[in-house]
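Let me begin by handing over the structure; questions about it come next.
Atoms considered below: every heavy atom in the structure, side chains included; atoms not considered: hydrogens, waters and symmetry mates. Here is the naming used below: chain letters follow the sequence lines, and residue numbers restart at 1 for every chain. Nothing here was measured: the structure is a model prediction, and the numbers come from that model.
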Amino acid sequence: MSVDMQMNILIVDDYKTMLRIIRNLLKQLGFNNVDEATDGSMALQKLRDKEYHLVISDWNMEPMTGIQLLREVRADAKLKTLPFIMITAESKTENVIAAKEAGVNNYIVKPFNAATLKTKLASVIGNF
Amino acid sequence: MAGAVPAELVAKLSALKTRMPSYTKDEIQEVVTEMLSSMEGDLSEMNLKLYAEVESLARYIVTAKGEIAALRPDEIMSDHIPNATDELDAIVGSTEEATNGILQAMESLESLTGEMEPAMAEKVTEAVTLVYESCNFQDITGQRITKVVKALKHIESKVDALVAAFGEDIAKYKSQHPQAEKAAENPMSDKALLNGPQLPDSAGKQDDIDALLASFD
C-alpha cells in the first residue's frame, strides 16, 4: 500500500523553532500538508476541526501535555485509531512505558536526526 | 571543713550522745557536716554544668542568627534569584532568536536548490538537513534551563521562609554594616562594573553608545 504524500500531519510542540525544524524535515521528505499546534489542548481542537492522518507531538507542554493529548485521542471514538508519534526529550524508561500503555505508535527521542524521523514515520505509516 | 554549729544542732547531738555513748559529739558533727558539704557540692556542680550548657547553647543560637543575617538572605530574595531567572530567560530568548535566524537562512538556501545542478542540490540539501538537526539544541537547552528556573523558584521559597524568620536580625545586621550597603550602591567600583551581558530591555544600543562616546569629544 503506497503512502499518501498529501496526508494531513499535525505537529505539536511548545517551541516554535522545533515546529519549524520538524516542518522543514517533513517537507524534505515530501510531506507538505503540515499544521502546527503549541500544546495538547490546541492540538485536540484542531484534530476535532479537521481530518488528520498523523500526529507528531512533543511531551512536555502546558497546559495539556503530549501524553494527555494521546490519552484524549485514544479515548475519542473518532480519533482513537489516529497514528501518533511522540517526539520528546523525555527518555526515561517510565516515560516510554507510559506512552506505550497510552497507545503511542512510535517514540522519537530529542535530539533526533532526519534519518530517525524517516525510519519512525515509515514504521507507522508505511514505506515512502 | 566544719564551721560554727548552731545551738539547736548541738542540743540534738548531745541528746543523741546520751543514747549512743560510743560516738563523740565531734565525730557526729564531723560526719553530718561532711555529708551536707558533699551534697551541696554535688547539687551546685550539676546546676553549674546545666547552666553552662544552656549558656553555650544560647551563645551558639545568637552566633548562628548573626551569621545567617550576615549572609543577607533578603538580597538572595530581592536581587540574586530574580536576576538569575531573568538571565536564564534571556538565554532562552537569545538562543531562540539565533536559531530562527539560522533556520531562516537555511530555508532561503534550500529554496535555491531547484536552480542548482542535481549533484550540487543534493549536497546543499544534505548540509541544510545537518543544520536543521543541529538546531535541536535550542529546544533541549530551553528545557534544561526551565528545569534550573524551577529549582531556583524552589530555593526562593525556602529563602523566603528564612527571611521571615530572621527579619529582625537582618535589619540589625544592615544597620550595623552600612559600608556593605554603600559598596553595593557605588556603580563605578571595579566590582560593580563587572556586569556581563545586559538583559535585552536594559542593554545599551550601539547608537546610544556612539552618542555617549561622541558626547566626550
Side-chain angles (χ1 to χ4, degrees), chain A residues 9 11-32 34 36-40 43 56-67 85-92 94-95 99 107-122 128, chain B residues 85 87-154 200:
Chain A
I9 301 175
I11 54 177
V12 193
D13 203 302
D14 54 347
Y15 276 82
K16 295 234 168 74
T17 49
M18 188 49 67
L19 289 172
R20 199 167 175 172
I21 291 166
I22 298 171
R23 173 189 281 279
N24 286 339
L25 292 174
L26 287 172
K27 190 178 166 192
Q28 285 187 344
L29 294 172
F31 297 98
N32 290 299
V34 178
E36 299 174 358
T38 53
D39 86 288
I56 301 174
S57 177
D58 182 28
W59 185 308
N60 201 335
M61 301 174 290
E62 290 180 349
M64 186 189 283
T65 64
I67 191 81
I85 295 175
M86 195 72 85
I87 187 163
T88 173
E90 303 288 353
S91 57
K92 286 188 174 176
E94 303 91 286
N95 288 82
Y107 199 101
I108 300 173
V109 177
K110 293 178 184 173
F112 64 98
N113 58 33
T116 302
L117 179 64
K118 186 177 182 184
T119 304
K120 298 294 184 180
L121 273 176
F128 52 90
Chain B
T85 52
E87 295 284 353
L88 292 170
D89 286 342
I91 291 171
V92 175
S94 58
T95 56
E96 185 176 4
E97 195 180 328
T99 308
N100 274 322
I102 293 165
L103 291 173
Q104 181 67 52
M106 289 302 109
E107 286 162 8
S108 300
L109 192 60
E110 195 175 21
S111 70
L112 298 174
T113 53
E115 300 167 27
M116 297 174 187
E117 292 292 326
M120 175 68 79
E122 191 180 339
K123 282 183 179 173
V124 170
T125 301
E126 274 178 22
V128 166
T129 303
L130 191 59
V131 175
Y132 288 155
E133 290 169 355
S134 300
C135 285
N136 265 299
F137 87 93
Q138 200 272 323
D139 176 55
I140 305 295
T141 51
Q143 290 193 47
R144 288 196 197 287
I145 289 170
T146 301
K147 281 171 82 172
V148 174
V149 169
K150 279 184 183 170
L152 281 173
K153 297 273 183 202
H154 182 69

Interatomic distance, A:T17 atom OG1 to B:F137 atom CZ [nearest 0.5 angstrom]: 8.0 Å
Atom CD of B:E97: over 12 foreign heavy atoms under 6.0 Å: no
Top contributor to chain B contacts, counting heavy-atom pairs under 4.5 Å, from A:I22, A:D14, A:N24, A:N60: A:N24
Sequence neighbours excluded - side-chain hydrogen bond (donor to acceptor under 3.5 Å, both in side chains) pairs with any residue from residues 121-130 of chain B: A:Q28-B:T129
Whether over 12 other heavy atoms sit under 6.0 Å from A:E62 CD: no
Residues of residues 102-109 of chain B contacting chain A, heavy-atom criterion under 4.5 Å, by residue number: B:L103, B:Q104, B:E107
Selection from B:V92, B:V128, B:D139 maximising heavy-atom pairs under 4.5 Å formed with chain A: B:D139
B:M120, CE: over 12 other non-hydrogen atoms inside 6.0 angstrom: no
side-chain hydrogen bond (donor to acceptor under 3.5 Å, both in side chains) involving A:D39 - partner list, sequence neighbours excluded: A:S41
B:Q138 vs A:Y15 side-chain heavy atoms within contact, under 4.5 Å: yes
Members of residues 144-154 of chain B whose heavy atoms come closer than 4.5 Å to chain A: B:T146
Nearest atoms (heavy-atom pairs only) where B:E133 meets A:A114: OE2-N, 2.6 Å
B:N136 versus A:P111, closest heavy-atom pair with distance: CB-CB, 3.6 Å
Contact leader toward chain B among A:M18, A:K110, A:K27, A:R20, where contacts are heavy-atom pairs under 4.5 Å: A:R20
B:T99 side, atom OG1; A:I21 side, atom CD1 - distance, nearest 0.5 Å: 7.0 Å
